2 protein chains.
Amino acid sequence: MPKEIDTNTEQKILDSATKVFHEKGYDGTRMQEIADDANINKGLLHYYFKSKDSLFETIFSLALGKLISKIQVILELEIPLEMKIDLMVEEYMNMLSKNSYLPRFVLNELNKNPEKFIAKHIGNNMKNTFSGFALSVKKEVDAGLIRQVDARQLFMNIISMIIFPFIGRPMIQVVIGIDNKEFQELIKERKDHIKSFVKQAIKK
Amino acid sequence: MPKEIDTNTEQKILDSATKVFHEKGYDGTRMQEIADDANINKGLLHYYFKSKDSLFETIFSLALGKLISKIQVILELEIPLEMKIDLMVEEYMNMLSKNSYLPRFVLNELNKNPEKFIAKHIGNNMKNTFSGFALSVKKEVDAGLIRQVDARQLFMNIISMIIFPFIGRPMIQVVIGIDNKEFQELIKERKDHIKSFVKQAIKK
DNA sequence: GTCTATATCATGATAGAC
DNA sequence: GTCTATCATGATATAGAC
């Protein structure tokens, strides 16, 4: 009797594939390594997923969704700018803490074929996502609550401060001179730091 | 007579290898592609560089040096904090604008073997590099010129805002909804934006 | 120094037994 | 569904002629 019930094989493959692809990227990943990690053999891997490409597509789409959808939802909420910023920082940092390889993986693969990504995974429903944020900024500026600021630059700043440490970690640790534990500490404190840093920067 | 004088073959190889490695990373790079780009054949490539690994080592060391050395020098300068920040932004953004693949390449490869990098390329002379920056911050705080701020977080903020757009470009363009030209415009304006953003954030 | 083979090996993928 | 071969391809690296 095929073991099926208790630990679904397809799920085991997806878990292992996620792990390996995220760490090593498409080019650096071997089907053998995924099979080993999932405790099955290559043959079975190809039984579930026709090719490395098709398996990769699955993993990549999931990862891209994770990275984009959260921010998309927040940007489109009709809430005051300050809350929006807090939410972005809070939600995104939490998610990245649990998936530290995610941004590097997605942005890398994205960079190898940007066209494909833009066409396939986004469509044009992203158009109004950012205008939601830009509008929030404009409102506050017009009301005299914050300084005049380019919403696009502000968005880049926030997203940069949130994501970059997870990508630049080795460099940061060496330059600042801290070990893994201290880095984790900094990340923990970082949510509050970014929130107040940004607010201070735009407040009138 | 071997053509040697006018376009040095080794340099041509280094140029092509830089181009291909930076774009595709170690795993994605084929020796054939480097040879093609340099208009020579694979055999000759191995005549100049024993292996793909040795060629990669050369390219990676150069890239890492470019990414680290500039910041190291600036951080160690004995100048006021404000000038230090301006210099970091100015110099780094200029360099990255001319080498937009550099940070992605270095940080990626770095992440694949951080140990090797830390041991080999840095040593311990980085220790006092960051203390130079931390000291600049402390001075200003003590003098009551800026708000109390964690120098490590501040450093992360600055470096993130400078580097991330070059890594996250495809994502940013899609989310904000801008084309290549508009992105270039934003990058140009970004130097001044970051400078004032940071100063506003820390000013008392 | 430069080129044309060619050896060697690793990897993605398939065929077929159980 | 799962495993054990095995094939076919493509990549690094070397040998040897010019």
Side-chain angles (χ1 to χ4, degrees), chain A residues 1-63 101 105 108-109 112-113 116, chain B residues 1-63 101 105 108-109 112-113 116:
Chain A
M1 170 172 100
K3 40 180 168 176
E4 232 272 89
I5 304 99
D6 119 284
T7 328
N8 179 270
T9 302
E10 185 170 358
Q11 191 54 50
K12 267 192 340 196
I13 292 176
L14 288 174
D15 291 345
S16 297
T18 300
K19 185 169 145 196
V20 181
F21 273 129
H22 281 213
E23 262 185 54
K24 314 210 165 174
Y26 179 84
D27 295 319
T29 292
R30 301 294 101 122
M31 292 296 265
Q32 185 64 60
E33 190 173 350
I34 296 175
D36 290 349
D37 190 273
N39 283 311
I40 57 168
N41 63 8
K42 271 196 303 180
L44 194 54
L45 202 50
H46 279 91
Y47 172 79
Y48 278 91
F49 293 88
K50 202 171 81 276
S51 64
K52 182 182 177 181
D53 269 42
S54 74
L55 179 52
F56 174 78
E57 278 296 321
T58 306
I59 302 300
F60 180 73
S61 288
L62 289 171
Y101 282 107
F105 169 65
N108 251 344
E109 302 299 336
K112 280 193 267 185
N113 8 10
K116 184 180 145 199
Chain B
M1 170 172 96
K3 44 178 167 177
E4 232 274 87
I5 306 99
D6 123 278
T7 330
N8 179 271
T9 303
E10 185 169 358
Q11 192 53 50
K12 266 192 344 198
I13 291 176
L14 288 174
D15 291 346
S16 297
T18 300
K19 186 169 144 196
V20 180
F21 273 129
H22 282 216
E23 262 185 53
K24 315 209 164 174
Y26 179 84
D27 294 320
T29 292
R30 301 292 100 117
M31 291 297 265
Q32 184 65 60
E33 192 174 349
I34 296 175
D36 289 349
D37 189 274
N39 284 310
I40 57 168
N41 63 7
K42 274 194 301 181
L44 194 53
L45 202 51
H46 280 90
Y47 172 80
Y48 278 92
F49 293 89
K50 200 171 82 278
S51 65
K52 182 182 177 182
D53 269 44
S54 73
L55 179 52
F56 174 79
E57 279 296 321
T58 306
I59 303 301
F60 180 72
S61 288
L62 289 171
Y101 282 108
F105 169 65
N108 250 344
E109 302 299 335
K112 280 193 267 183
N113 7 11
K116 185 179 143 198

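Each chain gets a letter, A, B and so on, in the order the sequences are listed, and its residues count up from 1. As a basis for the values below, the full set of heavy atoms in this structure was taken, side chains included, without hydrogen atoms, waters or symmetry mates. Since the structure is predicted, the reported quantities are computational estimates derived from the model, not experimental observations.
- Counting only distance, with no hydrogens or angles, the side chain of E10(B) and the backbone of Y48(B) share no donor-acceptor pair below 3.5 Å.
- Of the listed nucleotides (dC3(C), dG12(C), dT4(D)), dC3(C) has the atom at the smallest distance from the side chain of N41(B).
- Rounded to whole Å, atom C1' of dA13(C) lies 14 Å from atom CD1 of I34(A).
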message: Does the protein touch nucleotides 13-18 of chain D at the base, only the backbone, or not at all? Give it as B, S and - per nucleotide, heavy atoms under 4.0 Å.
response: BB----

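- Not a single side-chain hydrogen bond (donor to acceptor under 3.5 Å, both in side chains) links N41(B) to another residue, sequence neighbours left out.
- Nucleotide dT6(D) holds its P atom 17 Å from the CD atom of Q32(A), rounded to whole Å.
- With rounding to whole Å, K12(B) atom NZ is found 12 Å from dG1(C) atom C1'.
- Using a 4.0 Å heavy-atom cutoff across all strands shown, T29(B) reaches sugar-phosphate atoms only and no base atom.
- Atom CG in N8(B) sits about 12 Å away from atom C1' in dG1(C), given to the nearest Å.
- With rounding to the nearest 0.5 Å, the separation of OG in S51(A) from CE in M31(A) is 7.0 Å.
- Partners of D27(B) according to the side-chain contact (heavy atoms from CB on, under 4.5 Å) rule, which considers only residues two or more places apart in sequence or in another chain, are D27(A), K112(B).
- Atom CD1 in I40(B) sits about 14 Å away from atom C1' in dT4(C), given to the nearest Å.
- Between the CG atom of D27(B) and the P atom of dA11(D) there is a distance of 13 Å, rounded to whole Å.
- Every side-chain contact (heavy atoms from CB on, under 4.5 Å) that D36(B) has, sequence neighbours left out, goes to Q32(B).
- Within the 4.0 Å cut-off from OP1 or OP2 of dT2(C), at least one side-chain nitrogen or oxygen of T9(B) is found.
- Looking at residues two or more places apart in sequence or on another chain, you find a side-chain contact (heavy atoms from CB on, under 4.5 Å) between H22(A) and T18(A), I59(A), A63(A), Y101(A), L102(A), F105(A).
- Between N39(B) atom CG and dC3(C) atom C1' the separation is 14 Å, expressed in whole Å.
- Taking the side-chain contact (heavy atoms from CB on, under 4.5 Å) definition, one finds that N39(A) meets it with nothing, sequence neighbours left out.
- Taking atom CG of residue L55(A) and atom C1' of nucleotide dT11(C), one finds them 15 Å apart after rounding to whole Å.
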